[in-house]
There are 2 protein chains.
Amino acid sequence: MSVDVLALHFDRSARRIVLGLTTRTWEPFRGEPALPGVLLGDGERLRDAATRALTGKVGVAGTDISGIGQVVTFDEPNRDPRGPTLSIAMWAGVTTAESGVWASLDELPDLAFDHRRIVDDCRTILAGELWRDPALSRALTGQRFPTADAVDITASLTGRAPDRGNLNRTLRGVPGLHRTDERVAARSTGRPAVVWEWDD
Amino acid sequence: MSVDVLALHFDRSARRIVLGLTTRTWEPFRGEPALPGVLLGDGERLRDAATRALTGKVGVAGTDISGIGQVVTFDEPNRDPRGPTLSIAMWAGVTTAESGVWASLDELPDLAFDHRRIVDDCRTILAGELWRDPALSRALTGQRFPTADAVDITASLTGRAPDRGNLNRTLRGVPGLHRTDERVAARSTGRPAVVWEWDD
DNA sequence: ACAAAAGTGTTAAAATTACACCCATGG
DNA sequence: CCATGGGTGTAATTTTAACACTTTTGT
C-alpha cells in the first residue's frame, strides 16, 4: 500500500504547472524518474504520508506545502513487477520548486511503474475539480492572484486555453473567493488584471 | 487498512435496496451491526478483499456477487477507537439475500464505528453514478429487468421517486443497455413495462 | 368505465460553450 | 494610435428537470 503524490507547482514565470519527481534509487526502475511515493506507515494518515514523500523524496519543506488532497486509488494487478500493490494517489500544492526535479505536465519523461497512467488519469480528474474544489484551487493559486494566473493554471491543467470571459464568471462563483479592487499588470502589455483573494 | 463493503441487493418484492450487514464478534462495538469489512491482506486485490468480506461475514456465495467497485477512501483520525486507520469503501451487487442480516437503506440500525457516515457518503456518490456507471447499474438490475425495477432502484438509492418519463429516456442512453420488444407486467395493475437487457 | 402504471411529447429552467465587442495599458 | 491582454454582454447549445397527456392493463 503506497501513497504516490502529484506535487503541483504553478511556475508563474513559465506560466505553467510543473510536477515534482524523484529518481528511483533502487530496483525496479532504478535511476528512472517517478512520482514521489512512500509506503503507508501503520496508522499513518494519508496527508502525513504524502508530506513524508514530498519532504523525503523531493526535498520540499513542509511549510511549502499549500494543500493536500486525495484523488483516487489504483488497484491494477500488474502495476508493480514485484507483485500486486495498491497505490493511493494524492495531489499536493507546493509553493516553491527549488529542490528536486520538476517537469512540465506536457513534457513528462518516461516514468517508472504505471506512473504515467496515474498522472494522466489524475490530471483529468483534477482538471474537472479545478475551480470547484476550493482547497485544490487555492493550493495552486496561492492566497492572492491575478486572473491571468487563473487562465494559465487552467490552460496548463486542462491542456487547452479557457475562454477568459467564462473563466472570469466561473471565479465569481467559487466559494471562499472574492474579487478585490486591486489591479495588477500581469503581462508587459495589455490591461491589468483583477486580483482575486481567498477569504481567510 | 480495511476494506468495508456496501453489499447492495435489490429486493424485488419489497421494491427497495437492502444493505448487507454483519454483527461484530469482538470489541470494540461487540454485538453491534456493522458493514462487512476485512483487513486488506498483503498483496491482496481490493475486489478479492471485498469478496472475502461478503463470503466470510455475510455468508454470500461468491457466485451471487454481480459486481464490485470502488467508492472512496476514508481517512478520518477518530473513526476507530483503536487508532487511526484507513478504510476503502467498496460497493458490491448481490443477487440473493438469504443468509446474513439485511436492512433497508432508509431504516438502518445504529452501526459500529463511523459506518453510518460511510453509508451516507457512499449512498450520495452511488446515487450520482447510477445509470452512468454500467457496472454498478447492471449489478443492481441483473441481466434483464423491467422499467419498474429501474424506478424502484432509483427511488431507493436516491431517496426520492424519479420522473418515469425522464428515467425512461435516461435508460436509452446507458451504454451497453438496450430495449427489448418484450413487455412484462411488473405490477398487479397498469400497463406492462418494457424489458431492458444488457448486451452480452 | 375507472384506477393504476408505463410511455411519449413538450416546455421550462439551468448550466456550458462560443463569440462579438468594449476597456486599459505599454510602446 | 495601435497591438495586446483583460473584461462584459449576449446568444447558441446542451443538460436537467418538470409536467401534461396518451396508452395499456386489471378490476
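Here the structure is a predicted model, which means the values were calculated and not measured. The chains referred to below are lettered A, B, ... by the order of the sequence lines, with proteins before strands, and numbering in each begins at 1.
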Categorize [X] for me: base, sugar-phosphate, or nothing, with a 4.0 angstrom heavy-atom threshold over every strand shown.
X	answer
A:Val194	sugar-phosphate
A:Arg132	sugar-phosphate
A:Asp163	base
A:Ala185	nothing
A:Arg160	sugar-phosphate
A:Ala186	nothing
B:Arg169	base

Between the base of D:dT23 and the side chain of B:Arg191, is there any donor-acceptor pair under 3.5 Å? yes
Separation of [X] atom [atom1] from [N] atom [atom2], in whole Å?
X	N	atom1	atom2	value
A:Asn168	C:dC21	CG	C1'	15 Å
A:Leu167	C:dT17	CG	P	12 Å
B:Trp131	D:dT15	CH2	P	20 Å
A:Asp181	D:dG6	CG	P	19 Å
A:Arg183	D:dT8	CZ	C1'	13 Å
A:Arg164	D:dG5	CZ	C1'	6 Å
A:Glu182	C:dT25	CD	P	13 Å
A:Arg179	D:dG7	CZ	P	7 Å

Do the charged groups of A:Arg187 and A:Asp152 touch, with an N to O distance under 4.0 Å? yes
Residue mapping more 5' on DNA chain C - nearest nucleotide basis, A:Thr189 or A:Asn166: A:Asn166
For B:Arg117 and B:Asp121, run salt bridge (Lys or Arg N to Asp or Glu O under 4.0 Å): C-alpha distance rounded to whole Å, both residues' side-chain angles, the deciding distance at 0.1 Å, then the answer. CA-CA 6 Å; B:Arg117 194 173 126 64; B:Asp121 286 5; 3.3 Å; yes
Same hydrophobic cluster for B:Ile153 and B:Ile65, using side-chain heavy-atom links shorter than 4.5 Å among ILVMFWY? no
For C:dG7, does either OP1 or OP2 sit under 4.0 Å from a side-chain N or O belonging to B:Thr147? yes
Do B:Trp196 and B:Thr147 get their side chains close enough for a donor-acceptor pair, meaning under 3.5 Å? yes
Reference residue B:Leu35; test side-chain contact (heavy atoms from CB on, under 4.5 Å); the match among B:Val3, B:Val5, B:Leu19: B:Leu19
